[in-house]
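Here the structure is laid out as structure tokens; the discussion comes afterwards.
Values below: all heavy atoms of this structure, side chains included; hydrogens, waters and symmetry mates excluded. Throughout, protein chains are lettered first and strands after them, A, B, ... in sequence-line order, and every chain is numbered starting at 1.
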2 protein chains.
Amino acid sequence: MQVADTRAAILETSAQLYADLGYSAVSMRDVATKVGVTPANLYHHFKGKDELIREAVGHFFAEKTAPIADLLESQGKDVDRLNLFVEYFVRLLTEDRVFFRLLVRELVDGDEKRLDDLARSVLERPFHLISTLAGPGRSEDERLLSTVSIIGTMLGHALLAPLLPHLPGGRPDHSDASVITGHISAALRRAFHSSAKEK
Amino acid sequence: MQVADTRAAILETSAQLYADLGYSAVSMRDVATKVGVTPANLYHHFKGKDELIREAVGHFFAEKTAPIADLLESQGKDVDRLNLFVEYFVRLLTEDRVFFRLLVRELVDGDEKRLDDLARSVLERPFHLISTLAGPGRSEDERLLSTVSIIGTMLGHALLAPLLPHLPGGRPDHSDASVITGHISAALRRAFHSSAKEK
DNA sequence: GTCTATATTCCGATAGAC
DNA sequence: GTCTATCGGAATATAGAC
């Protein structure tokens, strides 16, 4: 059963633990215990903790972001692909706890090498699509700022979600994927509509 | 000199270390060494590591967010106070490394008690101001979603900043406080302008 | 490929002298 | 209020049997 590929089990389990508790708070013992092997076993599959972290994060993002590439290469108008991306990405951020938390940890604690890997595997293609959409009449700088705003808003919703229950008027369903998606899509429609009218 | 108040030095130094490396990656020894005292000294001022973390974070946010309360209570039109807040908050997020990183760590790793403290000390008042501004004709749910979008966008810019140098077309000055402030303020003007026209 | 056993370093925390 | 000294345990990592 799980005898087949211990390595895969280690990668999956460690990614989940790292997401929940942070890299330095998770020991090799913790991972080994949860997988059901001894700590020495981990060192047969990986050189050490650093390599395990890199491999676990890389493997996880490669798996989760494959659909994004497919989605962005699909047929249809640019604006439809943007809506598809927003829908998929918001769902990933709000419903896949491990994805969101690993993403934030990499953004905050990743070194240059890991940030570079993250840029390539997760955000390079969405950035390119949105950048071409974000105001054809604008300068490159303005388009990039708008792109950061759009992706940043989705990240911000996910980041602020745990705080909402502690704010007056905040209710848990304000962090529901479809609610956030609808809100952001509407905002984007208005933005593109008004920018089209300005021309 | 620093004999006067070791406790304050411990709080300042530990907050900076926690921001840079994360709570679990910073040992009591690390803090003591950087302050220039022995580890045992830390246990004279604080019960243990957990208490030191709580006190350091609480002290830091109390200090940094005092100007926000003043600013939000100032005279003038709501929209002017909003612009002042955006300016101050973006500057805090982009230029105060410790503030931004501690804020993200609390949002990601804080338990319910700490999230509650964070909500009260940092974000409750800005949320209230923006919520009253965000579309007077809209429902309470829509206003809250817009508020999360606005604050989330500022957070998102800061969160994505380290990634920009690794994306094609990204340049460091896209993370400059005044550039981001200008971009967000302009977006807010357009949003409020168009919502006014809709009425 | 997985285990037992262990080396070495570092951790949080305390006792007690000054 | 700060120190020296140290305890008990947990950390990463390795050696070598099976």
Side-chain angles (χ1 to χ4, degrees), chain A residues 1-60 101-102 105-106 108-111 113-114, chain B residues 1-60 101-102 105-106 108-111 113-114:
Chain A
M1 178 165 173
Q2 63 204 131
V3 183
D5 201 348
T6 302
R7 187 187 153 94
I10 296 171
L11 288 174
E12 263 187 62
T13 301
S14 63
Q16 185 229 300
L17 284 172
Y18 290 144
D20 281 340
L21 306 171
Y23 303 119
S24 61
V26 175
S27 69
M28 298 298 267
R29 278 174 159 81
D30 292 335
V31 175
T33 301
K34 188 148 189 177
V35 173
V37 296
T38 57
N41 196 333
L42 271 52
Y43 290 89
H44 172 75
H45 292 282
F46 306 94
K47 282 184 189 173
K49 184 172 178 175
D50 282 353
E51 185 179 292
L52 173 57
I53 294 173
R54 282 199 314 271
E55 297 273 329
V57 171
H59 176 264
F60 184 85
R101 296 173 71 89
L102 274 187
R105 293 195 194 284
E106 288 298 292
V108 170
D109 291 323
D111 57 24
K113 172 78 169 62
R114 275 161 59 178
Chain B
M1 179 168 174
Q2 62 203 134
V3 182
D5 202 350
T6 303
R7 187 188 154 94
I10 295 171
L11 288 174
E12 263 187 61
T13 301
S14 63
Q16 184 228 301
L17 284 173
Y18 292 143
D20 282 340
L21 305 171
Y23 303 120
S24 62
V26 175
S27 70
M28 298 297 268
R29 281 174 162 79
D30 292 336
V31 175
T33 301
K34 187 148 188 178
V35 173
V37 296
T38 59
N41 195 333
L42 270 53
Y43 290 88
H44 172 76
H45 292 282
F46 307 94
K47 282 184 188 173
K49 183 171 177 174
D50 282 353
E51 185 179 292
L52 174 55
I53 294 174
R54 282 199 314 271
E55 296 274 327
V57 171
H59 176 264
F60 184 84
R101 295 172 72 90
L102 274 187
R105 294 195 194 284
E106 288 299 292
V108 170
D109 292 322
D111 57 24
K113 172 77 168 65
R114 275 160 58 177

Does [X] have any side chain to side chain contact (heavy atoms under 4.5 Å, CB included) partners at least two apart in sequence or in another chain, and if so, which?
X: B:Ala8; answer: B:Asp5
X: B:Ser27; answer: B:Arg29, B:Asp30
X: B:Ser24; answer: A:Ser24, A:Ala25
X: A:Glu51; answer: A:Phe46, A:Lys47, A:Arg54, A:Glu55

> Just wondering, do A:Ile53 and A:Arg114 contact through their side chains at under 4.5 Å, heavy atoms?
Replying inline: yes
> Is there side-chain contact between A:Met28 and A:Leu52, with heavy atoms separated by less than 4.5 Å?
Replying inline: yes
With respect to the phosphate group of [N], does any side-chain polar atom (N or O) of [X] fall under 4.0 Å of OP1 or OP2?
X: A:Thr6; N: C:dT2; value: yes
X: A:His45; N: C:dT2; value: yes
X: B:His44; N: D:dG1; value: yes

>> Between the opening five pairs and the closing five pairs of the helix from C:dG1-D:dC18 to C:dC18-D:dG1, how far apart are the helix axes, to 10°?
In response: 10°
> How close or far is atom P of C:dT2 from atom CZ of A:Phe46, stated in whole angstroms?
Replying inline: 11 Å
>> Suppose the criterion is ring pair (Phe, Tyr, Trp, His ring centres under 6.0 Å): which pairs have a residue in residues 21-43 of chain A, not counting sequence neighbours?
In response: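 Sorted pair list: A:Tyr18-A:Tyr23.
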>> For a quick check, with a 4.0 angstrom heavy-atom cut-off, what is the B/S/- contact string for nucleotides 3-18 of chain C, read 5' to 3'?
In response: BB------BBBBB---
> In chain order, what residues pass the side chain to side chain donor-acceptor pair (under 3.5 Å) check against A:Thr38, with sequence neighbours excluded?
Replying inline: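 Counting only residues at least two positions away or on another chain, A:Thr38 forms no side chain to side chain donor-acceptor pair (under 3.5 Å).
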